[in-house]
Number of protein chains: 2
Amino acid sequence: MSAISMLELRHLRTLSALHETGSVSRAAKRVHLTQSALSHQIKALQDHYGVPIVRRQGQSVELTDAGKRLVALAGKVLEEIQATERSIAKMSQQASGSLRIALECHTCFDWLMPLMDAFRQHWPDVELDLVSGFHSDPVKLLEEGGADVVIGSEHKRRRGVVHHPLFSFEILAVLSPDHPLRAKRILQAADFSDLTLITYPVPEDRIDLILNVLKPAGIHPQRRTTELTVAILQLVASRRGIAALPSWGIQNYVEHDYVIARRIGPHGLWSDLYASTLTETASRPYLRDFLTTARNTCFATLDGIVPLD
Amino acid sequence: MSAISMLELRHLRTLSALHETGSVSRAAKRVHLTQSALSHQIKALQDHYGVPIVRRQGQSVELTDAGKRLVALAGKVLEEIQATERSIAKMSQQASGSLRIALECHTCFDWLMPLMDAFRQHWPDVELDLVSGFHSDPVKLLEEGGADVVIGSEHKRRRGVVHHPLFSFEILAVLSPDHPLRAKRILQAADFSDLTLITYPVPEDRIDLILNVLKPAGIHPQRRTTELTVAILQLVASRRGIAALPSWGIQNYVEHDYVIARRIGPHGLWSDLYASTLTETASRPYLRDFLTTARNTCFATLDGIVPLD
DNA sequence: TAAACGTATGAATAGTATTCATCAATATTA
DNA sequence: TAATATTGATGAATACTATTCATACGTTTA
């Protein structure tokens, strides 16, 4: 007779994702379900409470007041749960150990910093470190004990190594606002001939644009390298060349019209990001916590990224 | 690969009940599931977190530190959820109306007071009232519009009326500590002949002991009535007679040895409590909230009561 | 030493969340 | 403006998994 409360955490997770993505389909991807599943969930909630939770606003959906209230609840509750699970993990066993992070992706510094801050607070007894410098085979670092996590796009199956999917992101071409190519909405491989490509100082086979677009088309533009993302953008803005960077890495600069961004190829050039660890480190509670908070903060902070796996 | 969190609210509800009851079987009754179901739930949690949640302590179970942490979480989270659902109910429509409570059961004042306090805070716009005096047919009060809820043991199906089950409780015989019957652990109908029965001033057919035990056995003891529970207990303690009261109503007095309590019949004399409303009032959000908080606080406060339905 | 009570557990079942297949509506592109 | 691609909603089919059932095992009580 009296179904006291049909609410489950799954609903809160859904609503939270719905809030962050602003669309049922995207939220569905985020929680690894189909759009239909979420639609049914939302309908069930609405039927139960007798109030609309979302309002169809043209193409996408908007949360109602009741929806917002539930989202607020979700935020609080999910955070409390994560905190509890952390403290249980600490009781369980090793709340200590080391987490030395090796970065294959230069731009990742952007979102890694706040994440590391949070992590340091949650796990004061874990030695947190950044392994600096460029490494030709970063995953080898794991096996050699030089790092505990590698963040990069490599995900070849390798014995004793686990690749934890983080997210997919789009790589956009970055141009100066008055660049001749500005008229084209989508750039093709051919557009890059006779241009200077500005990149981080890494080998060619580590640059997706070259590896997956230019090389197959037989195009080998000139290259100029620099360490820092801002430096790359400076050079682009000064019309010294063109660059290819993650969409979330340049967003601020595009918004201020320092540079403009263009899609590469009809479907865009996409790249995947993984956090790789040894199998044994993968089970450490603090590592698992690092991964989930990494995903959480990335999805909350970074625009235009898509879940993986 | 990474099942971020398998925790669901159902687990928290279970653990909360487990904490309050101290036993898997009783907790199972509380959440309207089987003992087996809860046992499986707990096992699943333990497997997931890799830590014991409960420890078998002889006959019953005890929560571990991790278990206690989860119970603390449950308390917080479930309360936040109830608060949210209240505020959604308020948005939805009528957060106002009236809740006039008629009590068929005198002893119920004990637990009703704190409940009404809480309710008044949650629903400031609902007119809360107690319908005083005794009524021969309290459910008729609903139909006549004299009350919105009747709390009593009546639950005959009647058109337009819903009986919301609250809980079952045991009625114990109350004796003075030096009463001749003190030696018997269990009293039979025959034991009541030649005794004076002290009761509230209500008709015989509203007294479970008379209706279900004494009358069937052809026993008609003398009766003396008084309004207040304390007065009944005073009379019992002064050896003026014997009484039959809910176990939770006399607990304090038994603990202080003012009186002693004895089971009536081999399985005890049990009575059920319902909150009855008109069908239309049953759907009001504040009524639903009243019912769930009533059950919650009763189960949390009153000892020895058992879920119903 | 049963009898009664409480918990644990594998297998069967039942319940229901999710997917599939589709439609309608809106936005995008040619 | 038609054509195409997205997005959300919905009934029916499916797949999953939580719950129950049946039972065993341990503890307490008479």
Side-chain angles (χ1 to χ4, degrees), chain A residues 1 3 5-15 17-48 52-64 67 170 183-186 263 265-268 304 306-307, chain B residues 3 5-15 17-48 52-64 67 184-186 263 266-268 304 306-307:
Chain A
M1 179 94 268
S5 178
M6 54 99 42
L7 191 71
E8 281 294 343
L9 289 181
R10 133 177 52 96
H11 300 292
L12 295 185
R13 297 199 185 95
T14 291
L15 287 175
L18 189 58
H19 170 67
E20 282 179 355
T21 60
S23 120
V24 179
S25 320
R26 280 194 295 272
K29 287 211 184 74
R30 180 80 54 90
V31 295
H32 298 294
L33 290 174
T34 57
Q35 170 268 320
S36 178
L38 293 222
S39 206
H40 282 293
Q41 280 191 7
I42 295 165
K43 185 175 163 42
L45 282 178
Q46 294 185 145
D47 289 354
H48 180 247
I53 306 280
V54 296
R55 200 181 307 117
R56 283 208 58 167
Q57 201 72 341
Q59 179 99 263
S60 62
V61 295
E62 201 187 39
L63 287 157
T64 63
E170 186 173 1
K184 302 195 70 172
R185 299 208 66 75
I186 293 176
R263 170 158 285 191
H267 302 294
V306 166
Chain B
S5 178
M6 54 100 41
L7 191 70
E8 280 294 344
L9 290 182
R10 134 176 50 96
H11 300 291
L12 295 185
R13 297 199 185 96
T14 291
L15 287 175
L18 189 59
H19 170 66
E20 282 180 356
T21 60
S23 119
V24 179
S25 320
R26 280 194 295 273
K29 287 210 184 74
R30 180 79 55 93
V31 295
H32 298 292
L33 290 174
T34 58
Q35 169 269 320
S36 178
L38 293 223
S39 205
H40 281 294
Q41 281 192 6
I42 295 165
K43 184 175 162 44
L45 283 178
Q46 294 185 144
D47 289 353
H48 180 248
I53 307 280
V54 295
R55 199 180 308 115
R56 281 208 59 167
Q57 201 71 342
Q59 181 97 264
S60 62
V61 295
E62 202 186 37
L63 287 157
T64 63
K184 302 195 69 172
R185 299 208 66 76
I186 294 176
R263 170 159 286 189
H267 302 293
V306 166

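Residue numbering restarts at 1 for every chain, and letters A, B, ... go by the order of the sequence lines.
- If you take CZ of B:Arg26 and P of C:dC5, they are 13 Å apart, rounded to a whole angstrom.
- Residue A:Ile53 holds its CD1 atom at 12.0 Å from CD of A:Gln41, rounded to the nearest 0.5 Å.
- Remark: B:Gln41 is in phosphate contact with D:dT19, judged by side-chain N or O atoms under 4.0 Å from OP1 or OP2.
- In this structure a side-chain-to-backbone donor-acceptor pair under 3.5 Å is missing from A:Thr21 to A:Arg26.
- Heavy atoms only, all atoms of each residue included: B:Leu33 and B:Ala37 are closest at CB-CB, 4.1 Å.
- An OP1 or OP2 oxygen of C:dT7 is reached within less than 4.0 angstrom by a side-chain nitrogen or oxygen of B:Ser25.
- Going from atom CD of A:Glu62 over to atom P of C:dT26 covers 15 Å, rounded to whole Å.
- Listed pair A:Ser36 / C:dT18 fails the phosphate criterion, with no side-chain N or O lying under 4.0 Å from OP1 or OP2.
- Map B:Gln59 and A:Thr34 each onto its nearest nucleotide of DNA chain C; the residue landing nearer the 5' end is B:Gln59.
- Nearest nucleotide to the side chain of B:Ser39, out of C:dA8, C:dT26, C:dG6: C:dA8.
- For the pair B:His40 and B:Leu18, nearest-nucleotide mapping onto DNA chain C gives the more 5' position to B:Leu18.
- Here D:dT10 presents its C1' atom at 12 Å from CG of A:Asp47, a figure rounded to the nearest Å.
- One can place CG of A:Leu45 at 13 Å from P of D:dA9, the figure rounded to the nearest angstrom.
- The side chain of B:Gln35 places no N or O atom within less than 4.0 Å of a non-bridging phosphate oxygen (OP1 or OP2) of C:dG6.
- A distance of 9.5 Å separates CZ of B:Arg13 from CD of B:Glu8, quoted to the nearest 0.5 Å.
- If you take CZ of B:Arg56 and C1' of C:dG6, they are 6 Å apart, rounded to a whole angstrom.
- For B:Lys43 and C:dT7, the NZ to C1' distance is 13 Å, given to the nearest whole Å.
- For A:Gln46 (side chain) and A:Val54 (main-chain N/O), a donor-acceptor pair under 3.5 Å exists by modelled atom type.
- Between the NE2 atom of A:His32 and the P atom of C:dT19 there is a distance of 12 Å, rounded to whole Å.
- Between the CG atom of A:Leu38 and the P atom of D:dA9 there is a distance of 10 Å, given to the nearest Å.
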